[in-house]
Amino acid sequence: MNLCDAKTIRQTMAMFSLNFRKEFGQNFLCDRSVVEDIADNCCQNADSTILEIGPGIGSLTHELALRYREVVAVEIDSGLIPLLKYTLGEHQNVQVVNRDVMKTDLRSLLAPAFARGGVSVCANLPYYITTPILMMLLESRLPFDYITVMVQSEVADRLCAKAGSKAYGAITAVLNYYGYAEKLFKVPADRFVPSPKVDSSVVRIRLYRERPCVPLHEPTLFRTVRAAFEQRRKTLPNALSAVFNELTKDEITEAITNDCALPADIRGERLDIQTFTALSDALWRRIQDKQHKDPQ
C-alpha cells in the first residue's frame, strides 16, 4: 500500500468513513521522498525509540518503523485508530496510543524507552498548536536526543532565527536555551492532501545534554526574555521596568549598562540567550541584594 499517494490516502479514509478534520489540522503528506527525508534525518541512532505526534494515516510512521527500534505514535483522533491498525499491521515495533499529547504523561509512557536508550521526537504539527506542543516538549525536561518537527515555514524562520533579525523572538531565545535548531528543508503546500494554504518546513532541534547557559535563577531568565519581547519596540530599560517591579528603572538600567556593558537604548531582539542569561543574573543579584537590605 502506497501511503504517500493522494488517491490512496483518500480511498483509505473513505474505506473507514473518515473525513479530514480541520480542528486537528489534518493535512497528510503525499510525497514519499519528503517522508523518507524526514525519517532519515530525525535521529542519528537506529536503536532509538521515536515518539511520533500525529501519525495521521501512518505514512511517516511506516518509514520510521523501518529505520528505528520502536515507534510510539500518539494520535488524538480516535477515528484514525482502526485505520492505523490496518495501515501499520505489518509492523511489530509500532505502538499506537489514542491520546491528546498535551494531556499525556510522556515520562510514564516513554519510561521503558528511556531505560533502554535514546528517544527522539518526530512530528507533523498542526499549525494552530505548534508552539504549545513544542514548549511542552522542551519544558518537560525529558532527555530527548532530537525533536524534529514540520511546521509552517514562517514559524520555522522564527525557530531558527539569529539574534537581531526580524524573525527573532521570545520562542527563539527560549528554544536556544534548551537546544540548537536548524532548518532542514522546505515542503511546498502541494505535497499534502488536502493542501494547506501555506508552505511548511522541517526543523530539527538537537537538545543539549549540558546547557551552555546556566542561570542563577531560571525563572528570572524566562521572565527577562518574556518581558523583553512583550513590548519589543521598547528599549530594554522600559520593557523590563514594566515587569520587574522589585527594581526601579534606574536600577534596571544599571544592571544593563554597568553589570552587562550593554547600551541603555538596546532592545531585547538584539540579545542572544547567553546575554539574556547574564542580564537575568544581574537582575537576580540586585533583587536579592535589595531584599536582604530591606526584608520588609
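- When atom types are taken as modelled, the side chain of Arg232 and the backbone of Ala228 share no donor-acceptor pair closer than 3.5 angstrom.
- A distance of 12.5 Å separates NZ in Lys85 from CG in Leu80, rounded to the nearest 0.5 Å.
- By the criterion of side-chain heavy atoms lying less than 4.5 angstrom apart, applied directly or through intervening Ile, Leu, Val, Met, Phe, Trp or Tyr residues, Val35 is grouped together with Val94 in one hydrophobic cluster.
- Looking only at atom types and distance, the side chain of Asn238 has a donor-acceptor partner in the side chain of Lys249 under 3.5 Å away.
- Hydrophobic clustering (side-chain heavy atoms under 4.5 Å, transitive across Ile, Leu, Val, Met, Phe, Trp, Tyr) keeps Ile50 apart from Val121.
- The pair Glu269-Lys166 does not count as a salt bridge, with every side-chain nitrogen at least 4.0 angstrom from each carboxylate oxygen.
- The pair Arg191-Asp199 fails the salt-bridge criterion, with no side-chain N (NZ, NE, NH1 or NH2) lying under 4.0 Å from an Asp/Glu carboxylate O.
- Nearest heavy atoms, Arg267 versus Arg233: NE-O, 2.7 Å.
- Remark: Lys162 NZ to Asn176 CG distance equals 7.5 Å, nearest 0.5 Å.
- By the 4.5 Å heavy-atom criterion applied to side chains, Leu283 and Thr224 are counted as neighbours.
- The main-chain N or O of Leu271 is found under 3.5 Å from a side-chain atom of Tyr168 such that the two form a donor-acceptor pair.
- For Tyr86 and Thr12, the side-chain atoms include no donor-acceptor pair closer than 3.5 Å.
- For Asn93 (side chain) and Ala65 (main-chain N/O), a donor-acceptor pair under 3.5 Å exists by modelled atom type.
- A salt bridge is defined here as a Lys NZ or Arg NE, NH1 or NH2 lying under 4.0 Å from an Asp or Glu carboxylate O, and Glu154 with Arg158 meets this definition.
- When atom types are taken as modelled, the side chain of Arg206 and the backbone of Glu182 share no donor-acceptor pair closer than 3.5 angstrom.
- Expressed to the nearest 0.5 Å, how far CG of Asp40 lies from SG of Cys43 amounts to 11.5 Å.
- A donor-acceptor pair is defined here as one N or O able to donate and one able to accept, closer than 3.5 Å; no such pair exists between the side chain of Ser165 and the backbone of Ala161.
- Within the 4.5 Å cutoff, no side-chain heavy atoms of Leu60 are placed close to those of Pro55.
- Taking the charged nitrogens against the carboxylate oxygens, Glu246 and Arg286 have no contact shorter than 4.0 Å, which rules out a salt bridge.
- Taking a 6.0 Å sphere around CD of Gln92, one finds it holds 12 or fewer heavy atoms contributed by other residues, nucleotides or ligands.
- One hydrophobic cluster, built from ILVMFWY side chains closer than 4.5 Å, cannot hold both Tyr127 and Met102; they sit in different ones.
- Side chain of Tyr68 to main chain of Ala39: a donor-acceptor pair is present (N/O by atom type, distance under 3.5 Å, no hydrogens or angles).
- Note on Met135 and Tyr128: same hydrophobic cluster, where clusters join Ile, Leu, Val, Met, Phe, Trp and Tyr whose side-chain heavy atoms are under 4.5 Å apart, directly or indirectly.
- Counting all heavy atoms, side chain and backbone alike, Thr172 lies closest to Ala167 at OG1-O, 4.1 Å.
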Determine, stepwise, if the pair Ile252 / Phe244 fulfils side chain to side chain contact (heavy atoms under 4.5 Å, CB included).
CA-CA 8 Å; Ile252 291 172; Phe244 284 88; 4.0 Å; yes

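- Within a 6.0 Å radius of CZ in Arg270, no more than 12 heavy atoms belonging to other residues, nucleotides or ligands are found.
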Run the side chain to side chain contact (heavy atoms under 4.5 Å, CB included) test on Leu137 and Ile53 for me, step by step, so that the C-alpha distance in whole Å, both residues' side-chain angles and the decisive distance to 0.1 Å come before the verdict.
CA-CA 11 Å; Leu137 292 171; Ile53 301 171; 4.1 Å; yes

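- In this structure, Gln44 and Asn41 approach most closely via the heavy-atom pair NE2-O, 4.2 Å.
- A pairwise comparison of heavy atoms in Thr235 and Asp265 identifies CG2-O, 3.5 Å as the closest pair.
- The pair Arg209-Asp145 meets the salt-bridge criterion, since a charged nitrogen lies less than 4.0 angstrom from a carboxylate oxygen.
- Judged purely by distance below 3.5 Å, without hydrogens or angles, the side chains of Asp31 and Ser33 pair a donor atom with an acceptor atom.
- Ionic pairing of Arg285 and Glu251 is not present here: no N-O contact between side-chain nitrogen and carboxylate oxygen is shorter than 4.0 angstrom.
- Within the 4.5 Å cutoff, the side chain of Asp281 has heavy atoms near those of the Pro215 side chain.
- Checked by atom type and distance alone, the side chain of Thr104 never pairs as donor or acceptor with a backbone atom of Leu106 at under 3.5 Å.
- The shortest distance between side-chain heavy atoms of Val72 and Leu110 falls below 4.5 Å.
- Leu125 is not listed as a side-chain neighbour of Met150, based on a closest heavy-atom distance of 4.5 Å or more.
- Phe20 and Phe192 have their aromatic ring centers separated by at least 6.0 angstrom.
- Remark: the backbone N or O of Leu216 is not paired with any side-chain donor or acceptor of Thr220 at under 3.5 angstrom.
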Give the intermediate values and the outcome of ring-ring contact (aromatic ring centres under 6.0 Å, His included) for residues Phe276 and Tyr177.
CA-CA 10 Å; Phe276 268 121; Tyr177 175 68; over 10 Å; no

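- Taking SG from Cys260 and CG from Leu279, the interatomic distance works out to 5.0 Å, rounded to the nearest 0.5 Å.
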Hey, mind stepping through Ser120 and Ser48 against side-chain hydrogen bond (donor to acceptor under 3.5 Å, both in side chains) and telling me if it holds?
CA-CA 7 Å; Ser120 290; Ser48 293; 5.1 Å; no

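- A donor-acceptor pair is defined here as one N or O able to donate and one able to accept, closer than 3.5 Å; no such pair exists between the side chain of Arg99 and the backbone of Glu75.
- Annotation: side chain of Leu207 is in contact with side chain of Leu138 (closest heavy-atom distance under 4.5 Å).
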Evaluate side chain to side chain contact (heavy atoms under 4.5 Å, CB included) for Tyr178 paired with Arg141, printing each intermediate quantity in order.
CA-CA 9 Å; Tyr178 290 104; Arg141 301 179 187 274; 3.7 Å; yes

Check the pair Arg32, Asn2 against side chain to side chain contact (heavy atoms under 4.5 Å, CB included), reporting the backbone distance first and the verdict last.
CA-CA 9 Å; Arg32 179 172 297 281; Asn2 183 4; 2.8 Å; yes

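- In terms of heavy atoms, Asn27 sits closest to Ser195 at ND2-C, 4.2 Å.
- A side chain to side chain contact (heavy atoms under 4.5 Å, CB included) with Leu134 is found for one member of Ile129, Val151, Leu175, Val203 and no other, namely Leu175.
- Residues Lys183 and Arg204 fail the side-chain proximity criterion, which asks for heavy atoms closer than 4.5 Å.
- Defined by atom type and a distance below 3.5 Å, a donor-acceptor pair is missing between the side-chain atoms of Arg69 and Asn45.
- One N or O on the side chain of Thr257 and one on the backbone of Thr253 form a donor-acceptor pair closer than 3.5 Å.
- Within the model, atoms CE of Met1 and OG of Ser59 stand 12.0 Å from one another, a figure rounded to the nearest 0.5 Å.
- A 4.5 Å side-chain heavy-atom check between Leu29 and Val187 finds at least one atom pair inside the cut-off.
- Within the model, atoms CG of Leu51 and CZ of Phe144 stand 5.5 Å from one another, a figure rounded to the nearest 0.5 Å.
- Neither Leu18 nor Phe24 shares a network with the other; the hydrophobic side chains, linked directly or stepwise wherever heavy atoms of I, L, V, M, F, W or Y lie under 4.5 Å apart, form separate groups for each.
- Ser280 and Thr277 get closest at one heavy-atom pair: OG-O, 2.9 Å.
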